[in-house]
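Take a look at the structure set out below.
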2 protein chains.
Amino acid sequence: MATIKDVAQRAGLGVGTVSRVLNGSGYVSDEARQRVLDAVRDLNYVPNAQARALMTRRTMTLGVALPDLTNPYFPRLVRGIEDEAQRHGYTVILLETDWQPANERRAIDILRRQSVDGAILVDVTLSDLLTNILIAANTPVVLIGRGAERQDVPQITVNNYKGATEAMQWMFSKGHRRIGFLAGPEHAVSAKQRLRAYLDFMGWEAVLVDDWEKHPELPIAQADYSFERGREATEQLLQKYPDLTCIFGVNDMAALGALAYLAAQSISVPDTLAVIGFDDVLMASLVHPPLTTMHQPVYDMGVAGARLLIERIKNAECEGQRLVFDPVLVVRQSC
Amino acid sequence: MATIKDVAQRAGLGVGTVSRVLNGSGYVSDEARQRVLDAVRDLNYVPNAQARALMTRRTMTLGVALPDLTNPYFPRLVRGIEDEAQRHGYTVILLETDWQPANERRAIDILRRQSVDGAILVDVTLSDLLTNILIAANTPVVLIGRGAERQDVPQITVNNYKGATEAMQWMFSKGHRRIGFLAGPEHAVSAKQRLRAYLDFMGWEAVLVDDWEKHPELPIAQADYSFERGREATEQLLQKYPDLTCIFGVNDMAALGALAYLAAQSISVPDTLAVIGFDDVLMASLVHPPLTTMHQPVYDMGVAGARLLIERIKNAECEGQRLVFDPVLVVRQSC
DNA sequence: ATGAAAGCGCTAACAA
DNA sequence: TTGTTAGCGCTTTCAT
């Protein structure tokens, strides 16, 4: 690989001048500039990011830790982050944690080693711990989804409680009273908040979100955030509560799983049983019947997250903003 | 951030000794080792990857360029790559190109700048050009999906022609004779190979895969690789050819789109119209009716790709292996 | 407007 | 067995 020295030599100039041309800093005569540019082209020169980072103490990379690219929710978020990052000249380093705390720790170590200029932690379990580690290492952090105790770190969340309550209101307005719930994974706060809203609306304020399994009388089944488990959970739910008129999926994947089960059983939706989801992933609008759901502006959340982080990098003083997005009801045909 | 100097100071040793401990190279007394380890822990020290890369001329990163994480096919592939990379201590840098040549060029520049130790190019349009650029820059390359002319670069492909032929044989054996095809994007060779198999099997050997649009008499419609377009294409197809008994989707997303359209129209699958796909993404097994499709071992392809690349990095001399995976028919209920 | 030189944090070669 | 030192490729003073 050609180095800046090779370029300087070929251009018949010093490395300082070459550097100035490449970075647009300082004075350079037009002639020198042209000679440098020609040499760069001839040698197919690309500056070495490592060497540059060592000097400037900036890598121009952003680290993103997220649970699982396999869940269609996250790629959209990533797109938002990447698009905004690119606009500002940053490269994104993606790390999947698979919801495993051990992987989350590993991810943070990698980000530190790579000295990313900033990090976005999406739905991480160990948010408090990881945030502290990064801040201690002087790395700006933005949290998406799951928040942290510290008030000085920017966070982007969705008003899950409000969204789920709106969903409940909609079901109620459609006449549903016996509503079942497909619950999310234990580690996900978003899932708990939605469950809380469900419980409250149903008049079960006394039940704690972590304790629902101790209340077998409640029409709730564990679906995690997956299609497959949503499907199984629906089957269990209907076995125990055949008189439900509506099912509220903690997210679209679970609700889509429900839809699949119902189709397989030839149970008509929404006539015999209505279904509502949460997220509004692309697939939701495409299945049959199209899924009524609470839309989350995922792409925009990604953009906002990257923007917040980059601001933070440029100005460490700005305070820990919190952005809360409201989900909006998208009425389609499943409920 | 603490540097190796801080660690040395705290341990009361020289930086050389610290480096030796950290890298497990050379002789170090047990006592010194312990002192270093303690200091590392106390200072929460993490070695700087940039500085190390500058010295060792290896970044321990792999670059992966792929079209679109939003398509469920790719995240599985990424998982395979990441898992294998991690086993060998490599970090993966992911770049999405959105099928855009311009983005592909940008991606290669980024990979060069970051001096990744190797690159995996997945279904890139400019495979020949990009491969040449990287090889010229002395960066080992592995291609997945779309191949290149050069014989010296390892490639991983799927035998699309054979797979599609098998699919056709299956449809034929089920009694189908009037079979429609949902075609893929023009830039994807995989899509063309499947189309070629379809045309050949149907006895239209004379039609060129790039020219099918000039033959309005053929029951083919453009679906790209997407659910949405698959849906639209199915509608168009059935309007023109109401007597089709079977539809062959160029990939699962297109076939899934077809299934959604048919469900919306209350056309029963597979009785009135059978559907078959290609890829076997997770969703295929979960919808109703479960999709009959040609399974691709995507995860394993990712693993194999990473493995090939890492071998290549360690031993630049090994020749350009080609791995061809055979898709296998998974009979479910849609055909 | 340009060149020379110091130094970013690390590894590796050499000396002790 | 350990410490010292010379760079890796780059940016950034400081002279000129």
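- Within the 4.5 Å cutoff, side-chain heavy atoms of L94(B) are placed close to those of L69(B).
- Listed nucleotides dT2(C), dC8(D), dT2(D) differ in distance to V28(B); the shortest reach to its side chain belongs to dT2(D).
- Rounded to an integer number of Å, the gap from L13(B) CG to dA16(C) P is 20 Å.
- Out of dT2(C), dG9(C), dC10(D), the shortest distance to the side chain of S29(A) is found at dT2(C).
- Sequence order on DNA chain C of the closest nucleotides to G16(B) and Q50(B) puts Q50(B) first from the 5' end.
- Atom CG of L54(A) and atom P of dG7(D) are 17 Å apart (whole Å).
- Computed from coordinates, the M60(B) CE to dT11(C) C1' distance equals 15 Å when rounded to whole Å.
- Contact check, N48(B) against dC8(C): no side-chain N or O comes under 4.0 Å of OP1 or OP2.
- When rounded to the nearest whole Å, the span between CD of Q114(B) and C1' of dG9(D) equals 14 Å.
- Atom CE of M1(A) is separated from atom C1' of dC8(D) by 14 Å (rounded to the nearest Å).
- Taking the charged nitrogens against the carboxylate oxygens, D117(A) and K314(A) have no contact shorter than 4.0 Å, which rules out a salt bridge.
- Of the two residues contacting DNA chain C, namely R20(B) and Y45(B), the nearest-nucleotide position lying further toward the 5' end is that of Y45(B).
- Among the atoms of the strands shown, only primed sugar atoms or phosphate atoms (P, OP1, OP2) are found under 4.0 Å from some heavy atom of A32(B).
- Here the shortest heavy-atom pairing between T97(A) and A65(A) reads CG2-CB, 4.4 Å.
- As rounded to whole Å, 16 Å separates atom P of dC14(C) from atom OH of Y27(B).
- Ranking dC8(C), dT2(D), dT11(C) by closeness to the M55(B) side chain, first place goes to dT11(C).
- For I4(A), taking side-chain heavy atoms from C-beta onward, the closest of the listed nucleotides dT11(D), dG9(C), dT2(C) is dT11(D).
- Nucleic acid contact for R57(A): sugar-phosphate only, since backbone atoms but no base atoms lie under 4.0 Å from a heavy atom of the residue.
- Under the side chain to side chain contact (heavy atoms under 4.5 Å, CB included) rule, I4(A) has a single partner from V40(A), V36(A), V18(A), which is V18(A).
- Considering only the side chain of P47(B), dC10(C) comes nearest among dC10(C), dG3(D), dA12(C).
- Side-chain contact check for T157(A) versus V189(A): every heavy-atom pair is 4.5 Å or farther apart.
- Computed from coordinates, the R113(B) CZ to dG9(D) P distance equals 17 Å when rounded to whole Å.
- Nucleotide dC10(C) holds its P atom 9 Å from the CG atom of D6(B), rounded to whole Å.
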